[in-house]
Amino acid sequence: LSEIMKDEDIFYQVEIRIGPFKILNQIGKGKFSSVFLGIHEETQQKVAIKQINKSELNTDNLLIKEINIQKILFHPYLTQMYCVIEKTENIFIITEYCSKGDIISYLLENDTFDESSACKIFQQIISSLEYLHKNNICHRDIKPENILLSNNSVNFNIKLIDFGLGIILGPNEKSEQPFGTVSYVSPEVLSGDKYDKSVDIWCIGILSYFMLSGKLPYDDPDDNENEIARQTINEPVPFIEDKWNIISDEAKDFVKRCLEKDPKKRINIKEILKHKWLKKYLPEEQKNKELKFERLSSSEILRIITPNSI
């Protein structure tokens, strides 16, 4: 596959199969991987096929960690891994396919999300994050590129993807390993301090600010990472753009509490589930109830593409 990919004209003329999957076309490319749209020939189920060349793998076994994390995940708002296929030169991770692209793609066309749509999306993101944290998984890379939309009508449904930076952190465990995209990295990480799963809450704050306003709270026109880090560590959350004048107080409070610089004071998952903004657009009879979300069982997942057909 990697040889054929060097010549796009050849790629689209040759039928390529990976196990029971036929590759249709390339839909994405990262630093160390390429993503293809594929189809399971027996069930006709469309899938995403992530190709990683073995020569690009580092010694930290990040890919193995990513696969081991995805193996145990069964949740409606997390992308489901169906199987892993290893070849001589490449490893292929077969996952769910979301046809409507990521949040960045949506914002390029629509500037921002209206507040009620953003709220619905965050109900789903928080549901997936609660599930991850209960299973001692810290995602560490929650950003617009890693939130896929399974439809783009008023009823948004999302899938949180990419566990390449995910790590296992117990209830009282901390890490000091640096990670991530600087605009989404929390102050404690930038300061070199040990951190816990609350770094994911910081990412939620940056993401909610971005989706509601169309801008990042801490940014630099020259993409100077040192300046972005300085702002993140020292500057308050800037609610000064005109757009924030039409955003509700509940939404601003949600953003502000997620972007608390002191991780000990930062809002936690249990508190987020009770936050007024997440309940603001619910039917009246549900507003005083604790937010709960359906879990997807392993048997429901496996019916999509059965083990026998893989």
Side-chain angles (χ1 to χ4, degrees), residues 103-104 107 111-130 132-133 138-147 156 158 160 179-191 193-220 225 227-282 287-288 290-291:
I103 283 178
I104 287 287
L107 289 174
D111 188 34
T112 62
F113 286 86
D114 66 80
E115 192 174 323
S116 62
S117 296
C119 184
K120 176 177 172 56
I121 287 172
F122 275 96
Q123 289 169 0
Q124 297 174 51
I125 295 173
I126 295 303
S127 170
S128 66
L129 192 58
E130 180 202 21
L132 289 175
H133 285 190
C138 183
H139 189 282
R140 301 200 304 174
D141 202 22
I142 299 173
K143 57 185 180 181
E145 296 90 334
N146 288 337
I147 311 283
F156 290 99
I158 67 99
L160 178 60
F179 67 89
T181 307
V182 67
S183 295
Y184 289 82
V185 176
S186 65
E188 62 268 30
V189 177
L190 293 171
S191 298
D193 299 330
K194 290 185 177 182
Y195 60 85
D196 57 20
K197 291 189 286 292
S198 65
V199 295
D200 283 341
I201 305 297
W202 178 271
C203 292
I204 293 294
I206 299 290
L207 181 63
S208 56
Y209 187 105
F210 180 68
M211 285 175 58
L212 290 167
S213 70
K215 295 184 177 182
L216 291 166
Y218 307 116
D219 203 7
D220 181 73
E225 292 191 351
E227 172 57 21
I228 295 170
R230 185 200 66 77
Q231 292 177 25
T232 300
I233 294 169
N234 297 307
E235 300 292 333
V237 184
F239 293 116
I240 54 177
E241 296 287 335
D242 288 344
K243 271 194 169 54
W244 288 104
N245 294 332
I246 59 172
I247 301 296
S248 70
D249 290 339
E250 294 95 333
K252 283 185 273 195
D253 183 72
F254 179 88
V255 172
K256 191 173 181 179
R257 294 191 67 191
C258 289
L259 293 181
E260 166 58 55
K261 296 185 189 298
D262 184 346
K264 292 179 181 177
K265 297 178 182 178
R266 195 173 300 150
I267 192 171
N268 60 43
I269 283 288
K270 287 184 179 180
E271 293 168 333
I272 284 179
L273 288 168
K274 298 175 183 177
H275 196 278
K276 289 182 179 180
W277 185 58
L278 287 187
K279 298 183 179 184
K280 184 177 175 68
Y281 299 98
L282 292 174
K287 287 187 177 180
N288 294 322
E290 184 179 347
L291 279 180

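Note: hydrogens, waters and symmetry copies are ignored here, and every other heavy atom, side chains too, is used.
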NZ/NE/NH1/NH2 to OD/OE distance under 4.0 Å, Arg266 and Glu188: yes

Contact check, side chains of [X] and [Y], non-hydrogen atoms, under 4.5 Å:
X	Y	result
Trp277	Val255	no
Asp219	Lys215	no
Ile125	Leu160	no
Pro144	Leu107	no
Leu278	Phe122	yes
Val182	Leu190	yes
Asn268	Ile272	no

If you round to the nearest 0.5 Å, how far is [atom2] of [Y] from [atom1] of [X]?
X	Y	atom1	atom2	result
Ile228	Ser183	CD1	OG	4.0 Å
Cys119	Lys280	SG	NZ	9.0 Å
Ile269	Lys274	CD1	NZ	13.0 Å
Asn146	Asp141	CG	CG	5.0 Å
Ile121	Ser208	CD1	OG	11.5 Å
Ser186	Ile206	OG	CD1	9.5 Å

Within a 6.0 Å radius of atom CG on Asp242, are there more than 12 heavy atoms belonging to other residues, nucleotides or ligands? no

So with a 6.0 Å cut-off around NZ of Lys261, is the heavy-atom count from everything else above 12? yes

Of all the heavy-atom pairs spanning [X] and [Y], show the shortest one and how long it is.
X	Y	result
Lys252	Ile247	CE-O, 3.4 Å
Pro217	Leu259	CG-CD1, 4.3 Å
Asp114	Ser116	OD1-OG, 2.6 Å
Glu115	Ala251	OE2-CB, 3.6 Å
Ile103	Met211	CD1-SD, 3.7 Å
Ile204	Cys258	CG2-SG, 4.1 Å

Side chain to side chain contact (heavy atoms under 4.5 Å, CB included) filter on Lys276, not counting sequence neighbours, yields Glu250

For Gln231, the side chain to side chain contact (heavy atoms under 4.5 Å, CB included) test, sequence neighbours excluded, returns Tyr218, Glu227, Glu235

Would you check, one step at a time, whether the test side chain to side chain donor-acceptor pair (under 3.5 Å) holds for Glu260 with Trp202? CA-CA 8 Å; Glu260 166 58 55; Trp202 178 271; over 6 Å; no

Pair Val199-Cys138, side-chain contact (heavy atoms from CB on, under 4.5 Å): steps then yes or no: CA-CA 8 Å; Val199 295; Cys138 183; 3.6 Å; yes

Is it the case that Ser191 and Asp193 place a side-chain donor and acceptor less than 3.5 Å from each other? no

Can Thr181 and Lys143 be said to form a side chain to side chain donor-acceptor pair (under 3.5 Å), step by step? CA-CA 9 Å; Thr181 307; Lys143 57 185 180 181; 2.9 Å; yes

Ring centre gap for Tyr209 and Trp244 strictly below 6.0 Å: yes

Are Phe179 and Tyr195 an aromatic pair, judged by ring center distance below 6.0 Å? yes

Please evaluate residues Ile142 and Leu129 with respect to the criterion side-chain contact (heavy atoms from CB on, under 4.5 Å), reporting the C-alpha separation (whole Å), side-chain torsions for both, the decisive distance (0.1 Å), and the verdict. CA-CA 10 Å; Ile142 299 173; Leu129 192 58; 3.8 Å; yes

Can Leu273 and Glu130 be said to form a side-chain contact (heavy atoms from CB on, under 4.5 Å), step by step? CA-CA 9 Å; Leu273 288 168; Glu130 180 202 21; 3.5 Å; yes

Verify side-chain contact (heavy atoms from CB on, under 4.5 Å) between Ile147 and Ile104, making sure each step is shown before the conclusion. CA-CA 9 Å; Ile147 311 283; Ile104 287 287; over 6 Å; no

Once you measure the plane-to-plane angle for His275 and Phe254, does it fall in the parallel (<30°), tilted (30-60°) or perpendicular (>60°) bin? perpendicular

Determine, step by step, whether Tyr281 and Gln123 satisfy the side chain to side chain donor-acceptor pair (under 3.5 Å) criterion, reporting the C-alpha distance in whole Å, the side-chain angles of both residues, the deciding distance to 0.1 Å, and the verdict. CA-CA 11 Å; Tyr281 299 98; Gln123 289 169 0; over 6 Å; no

